[in-house]
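In this chain, residues are counted from 1 in sequence order. Source: prediction; values computed, not measured.
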Amino acid sequence: MFTDNPKVMTAIRDSFAHVDNCPFQGPRVFFENAGGALTLKSVVDTSAKFAAIPDNQGRDNPASHALVDVIKKARADMALFFNAPVGQFFVGESGTELSFRLIRTAVMGSAPGAVIGSTVEHPASRSAAQHWADVAGKPYISVPHDNATGQVTPDAYAALMTSEVRVATILHTSPVTGIANDVAGISAAIRAVSPDAFIFVDGIQHASHGHIDIASYDIDGYVISPYKLFSRHGYGIAWASDRLSSLPIETLANGPAGNWEMGTRDTGAYATFSDVVRYFDWLGAQVSDASDPRARIEAAAAAIHTHEHQLTNALMFGNGNLAGLADLAGVTILGGTDNPDREGLVSFTLDTLPAADIVSKLNAQGIRTHVRKADHYSGNILTPLGLDAAVRVSLCHYNSMDEVRALLTAIKDIAA
């Protein structure tokens, strides 16, 4: 997509800080986006602006009123970006912290019954669900994922669903394999058996790669980490349905009903997410003639998906005279080489060289990737495959075909 439009590609890359240069290493290619995407320059400027403001929300002065307006605008932008016309958005410490809070509220506040989740999930949701199910005395039902595809399907959930399920968790996209799951399909399978279950979705890995449409999922909670969506560290964003917010939540006595936020939040966090939404709106205008803001956001998401699909195909199958990862002897690509649900990420191993050594050798050539180990973060995916580690190459739409070619060139030498 963007490879065919150099002007747009240049404008995209110019929007991000440190797109091709690390302030500590120097020139480098950034393929560690699943660990934290690049930051928009507008987010950097906005962060500095709001960090300098001493006033807080909720006071009767012009600065305080302005901060309240910024937060109100950001929540409207969130509703637009996520397509969530009902429910509420709020920020917290991190995506993981918010996942624990929403899941805790659902498990502890729902009627006696069971909790269901899958083996593909990141511990942000799986650990929370298992912990609070144990505290509440509710059995935890574990849905196995398919090791070959790295996915869990609606049918897999349906096979283990019972009418006793009160809370369900779903992973939108795996940060280990990059493979997306059918959230709407899984939600429908859950509700077909237990229509009143509270359904939570971890969208942390998915957010930067594709379309988010909460209105179509029939769920009760969705969480992202904005530092993986071109914003910055230090906050997470959660959406909660009205019925989830009506459960007993931790809040100040005699305070506003249904208020999830605890203490004074950083107005700058809200403001930087508005920067992200404005960027998607701008990008959608570059790739479509849409005039409606939501339509432009959808157009941007579609263009991002197409561009990243082109890059990952080149990474796996080669480009020009350069062989792809799938052509290397002794290679294993997690999730398979022909998986249409892959989102901007390829994890692989080579029989001839440990994953950590490959990552180190690539880094020495200025190509940033990451090693995923069979630990508490990734063991659920790697251990069933008999792997102790894998190299993760994670892309975003600002990455170029030239950068993919640089990695393929380096891998050719390393593998040799």
Side-chain angles (χ1 to χ4, degrees), residues 82-87 98-174 179-206 211-223 238-249 341 380-381 384:
F82 289 89
N83 195 29
V86 297
L98 290 170
S99 298
F100 267 78
R101 288 188 62 201
L102 265 63
I103 292 169
R104 176 174 70 234
T105 298
V107 174
M108 301 305 292
S110 57
V115 179
I116 194 170
S118 76
T119 57
V120 80
E121 291 177 41
H122 185 279
S125 59
R126 187 165 170 85
S127 296
Q130 290 177 326
H131 174 81
W132 290 107
D134 182 62
V135 171
K138 294 178 176 178
Y140 180 83
I141 301 169
S142 183
V143 180
H145 71 277
D146 185 298
N147 290 323
T149 65
Q151 287 176 302
V152 63
T153 64
D155 287 344
Y157 269 81
L160 295 178
M161 273 296 299
T162 77
S163 61
E164 297 300 307
V165 167
R166 301 291 177 254
V167 179
T169 58
I170 305 170
L171 177 71
H172 205 150
T173 300
S174 169
I179 306 302
N181 298 301
D182 179 4
V183 170
I186 294 172
S187 175
I190 293 165
R191 297 223 182 273
V193 180
S194 182
D196 295 326
F198 289 94
I199 301 177
F200 168 87
V201 178
D202 170 359
I204 293 171
Q205 175 61 29
H206 174 74
H211 184 240
I212 299 177
D213 186 6
I214 284 176
S216 71
Y217 300 152
D218 196 10
I219 59 174
D220 296 284
Y222 197 98
V223 165
W239 170 84
S241 69
D242 291 336
R243 72 189 200 106
L244 180 59
S245 297
S246 71
L247 294 177
I249 61 177
D341 295 313
N380 59 320
I381 305 297

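- No side-chain donor-acceptor contact under 3.5 Å links Arg243 to the backbone of Ala240.
- The nearest pair of heavy atoms linking His206 to Ile212 is CD2-CG1, 3.8 Å.
- Taking CD1 of Ile186 as the reference point, atom CD1 of Ile219 lies at 11.5 Å (rounded to 0.5 Å).
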Evaluate the side chain to side chain contact (heavy atoms under 4.5 Å, CB included) criterion for residues Leu244 and Leu102: first the C-alpha distance (whole Å), next the side-chain angles of each, then the deciding distance (0.1 Å), finally the verdict.
-> CA-CA 8 Å; Leu244 180 59; Leu102 265 63; 4.0 Å; yes
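- In this structure the side chain of Phe200 reaches within 4.5 angstrom of the side chain of Val223, judged on heavy atoms.
- Separating the CZ atom in Phe198 from the CG atom in Leu247 is a distance of 4.0 Å, to the nearest 0.5 Å.
- Considering only heavy atoms from C-beta on, His122 stays 4.5 Å or farther from Ile204 through its side chain.
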Start with the C-alpha gap between His145 and Ile381, add the side-chain angles, then the distance that decides, and say whether side chain to side chain contact (heavy atoms under 4.5 Å, CB included) holds.
-> CA-CA 9 Å; His145 71 277; Ile381 305 297; 3.8 Å; yes
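- For the pair Ile214 and Trp239, the minimum side-chain heavy-atom distance is below 4.5 Å.
- Of the possible polar contacts, one joining the Arg166 side chain to the Pro112 backbone as a donor-acceptor pair under 3.5 Å is found.
- In this structure, CG on Asp202 lies 10.0 Å from OG on Ser174, to the nearest 0.5 angstrom.
- Taking each heavy atom of Ser194 and Val165 in turn, the nearest pair found is OG-O, 2.5 Å.
- Side chain of Ser245 to backbone of Asp242: no donor-acceptor contact under 3.5 angstrom is found.
- Counting heavy atoms from C-beta outward, Val167 and Trp132 have side chains that stay 4.5 Å or more apart.
- To the nearest 0.5 Å, atom CD1 of residue Ile179 and atom NE2 of residue His172 are 12.5 Å apart.
- Note on ring orientation: taking the six-membered ring where Trp is involved, the planes of Tyr222 and Phe82 are perpendicular (angle over 60°, cut-offs 30° and 60°).
- Closest approach of Ala133 and Val115 over heavy atoms only: CB-CG2, 3.8 Å.
- Classification of Asp220 and Arg191 as a salt-bridged pair holds, one side-chain N sitting under 4.0 Å from a carboxylate O.
- The minimum heavy-atom distance linking Ala180 with Thr173 is given by the pair CB-OG1, 3.5 Å.
- In this structure, the side chain of Asn380 engages the main chain of Glu121 through a donor-acceptor pair within 3.5 Å.
- Within the 4.5 Å cutoff, no side-chain heavy atoms of Asp134 are placed close to those of Tyr140.
- Rounded to the nearest 0.5 Å, atoms CZ (Arg104) and OG (Ser99) are 11.5 Å apart.
- At least one side-chain heavy atom of Arg126 sits under 4.5 Å from a side-chain heavy atom of Ser142.
- At least one donor-acceptor pair closer than 3.5 Å links the side chain of Ser187 to the backbone N or O of Tyr217.
- Between Ile141 atom CD1 and Thr162 atom OG1 the span is 4.5 Å, to the nearest 0.5 Å.
- The side-chain heavy atoms of Ser110 and Lys138, taken from C-beta on, include a pair separated by under 4.5 Å.
- Side-chain contact between Ile199 and Asp218: absent, with no pair of heavy atoms (C-beta onward) separated by less than 4.5 Å.
- Considering all non-hydrogen atoms of both residues, Ala189 and Ala158 come closest at CB-CB, 4.3 Å.
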Assess whether side chain to side chain contact (heavy atoms under 4.5 Å, CB included) is satisfied between Met161 and Ile190, documenting all intermediate values.
-> CA-CA 7 Å; Met161 273 296 299; Ile190 293 165; 3.9 Å; yes
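- When all heavy atoms of Pro139 and Gly113 are compared, the pair lying nearest together is CD-O, 3.3 Å.
- A donor-acceptor pair under 3.5 Å links the side-chain atoms of Asn181 to the main chain of Leu171, judged by distance alone.
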